[in-house]
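What follows is a single structure, written as structure tokens, with notes after it.
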Amino acid sequence: MNISQCEALDAIATHGSFSKAAERLGRNQPALSKSIQSFEAELGIVLFDRTPGGAQLTEAGERMLRRARSVLAGVDVLKEEAAAILGSKGGSARVGVSPAAATTIVPMAAKRFLAQFPDAELDIVPTLYPKAAVQLREASLDLVIGPVPDRVDRDLRVERLFSMPVAIVTHSAHPKRHATSLTDLAEARWIVHGPAEGPSSLFAAAFKVNELGLPKAQVRCHSISATLALLQPLNAFCVLSRPVFQHYAAESDICSVPISTNLSAFQMSLLSMRNLTPTPAAYYFLDCVRKVSLVAKG
């Protein structure tokens with residue numbers, strides 16, 4: 001197997017057809033098809049189901065694609081490492097960020113980063129765990145900043161940065177906006193931001209203090225802006241990190257409910273792959289995140 005075959009696998013999976021992949025790679029389609037056939041014969045598995053409508057990855061192909069993208073990411077690291085040795089101030093860093101990370105760490109980290117790598121490409125992608133873990137494995141991201149559960153798969157490296165307080169939030173006209181007890185909100189309507197396995201699961205501890213458990217949410221929203229927009233029409237509550245609440249408070253007409261119970265904070269974390277060395281640019285961005293986090297930690 002070779003790099004060319006990994007590139008072909010990636011391109012076909014991305015574009016959904018051999019013809020589009022061949023055009024993207026600047027190759028002719030018969031040569032690309034032959035390359036994949038040779039790859040399949042060497043691996044002993046079928047990578048694609050060929051149909052008149054295009055090419056669909058098989059289950060085995062999905063697994064091989066993740067490995068192929070890791071190989072291609074390694075090649076990119078090699079190229080950028082060589083460029084850095086020659087004095088390049090370019091390169092790339094692809095960073096996944098949660099809403100809390102985007103409003104606290106990323107602005108100053110990006111400023112530090114671009115001061116050192118003025119010619120680099122910085123790609124900041126909104127994401128949350130567990131999708132973020134998939135993006136890391138596919139090598140579409142170099143690192144992720146955000147809340148991560150206590151336990152993750154062993155191929156992932158987690159570095160805890162600092163604790164971040166949370167707030168219970170509603171719209172400024174809600175009749176229970178002055179509630180001081182979680183019990184008062186037991187029958188309230190809730191909107192949970194993010195996937196069940198991700199940040200929203202980390203907020204459950206806040207409610208377990210009163211043995212209420214995380215209230216059942218009729219709405220699970222994967223967008224902060226949509227979550228905030230839904231609070232008033234649904235007359236609902238949500239749980240946000242306090243920095244995110246403070247960032248949006250003025251423009252979104254929302255308020256923090258003065259619950260007397262000490263709500264459990266969550267850990268802002270760095271997530272990366274254990275077996276993949278970041279590009280020089282991505283590694284420096286990681287270092288910037290650590291330094292900014294020390295300031296945030298106080």
Please examine the side chains of L72 and I3, heavy atoms only from C-beta on, and report whether any two atoms are closer than 4.5 Å. yes

Okay, side chain of [X], backbone of [Y]: is any donor-acceptor separation there less than 3.5 Å?
X    : Y    : value
S163 : Q267 : no
R274 : L156 : yes
T227 : H193 : no
T103 : A100 : yes
K176 : D184 : yes
H174 : N235 : yes
S272 : L143 : no
N2   : S4   : yes
R177 : V257 : no
T180 : S260 : no

Can you tell me how far the CD atom of E159 sits from the CD1 atom of I145, to the nearest 0.5 Å? 10.5 Å

Provide the closest heavy-atom pair for [X] versus [Y] in the form atom of the first, atom of the second, distance.
X    : Y    : result
S241 : M164 : CB-SD, 3.6 Å
A55  : F48  : CB-CD2, 4.0 Å
A8   : I36  : CB-CD1, 3.9 Å

Could you go step by step and tell me if I105 and L161 meet the side chain to side chain contact (heavy atoms under 4.5 Å, CB included) rule? CA-CA 10 Å; I105 302 174; L161 299 174; 4.0 Å; yes

Any donor-acceptor N or O pair under 3.5 Å, side chains R94, T279: no

Go through it in stages, so that I can follow the logic: the residues are C238 and L231, the test is side chain to side chain contact (heavy atoms under 4.5 Å, CB included), and I'd like the CA-CA distance, side-chain angles, deciding distance and then a yes or no. CA-CA 8 Å; C238 68; L231 288 177; 4.0 Å; yes

Does I12 form a side chain to side chain contact (heavy atoms under 4.5 Å, CB included) with L47? I'd like the steps, not just the answer. CA-CA 10 Å; I12 297 166; L47 297 171; over 6 Å; no

Geometric class of the Y284/F117 ring pair [parallel <30°, tilted 30-60°, perpendicular >60°]: tilted

When you look at CD of E121, are more than 12 heavy atoms from neighbouring residues, nucleotides or ligands closer to it than 6.0 Å? no

Please lay out, stage by stage, how K291 and D287 fare under the test side chain to side chain contact (heavy atoms under 4.5 Å, CB included). CA-CA 6 Å; K291 290 177 179 176; D287 188 56; 3.2 Å; yes

Residues two or more places apart in sequence or in another chain: which of them pass side-chain contact (heavy atoms from CB on, under 4.5 Å) with I124? V97, V106, L122

Where at least one partner belongs to residues 132-166, residue pairs that pass ring pair (Phe, Tyr, Trp, His ring centres under 6.0 Å), sequence neighbours excluded: none

Please list all pairs meeting salt bridge (Lys or Arg N to Asp or Glu O under 4.0 Å) that have one or both residues in residues 24-46, counting only residues at least two apart or in different chains. E7-R27, E40-R50

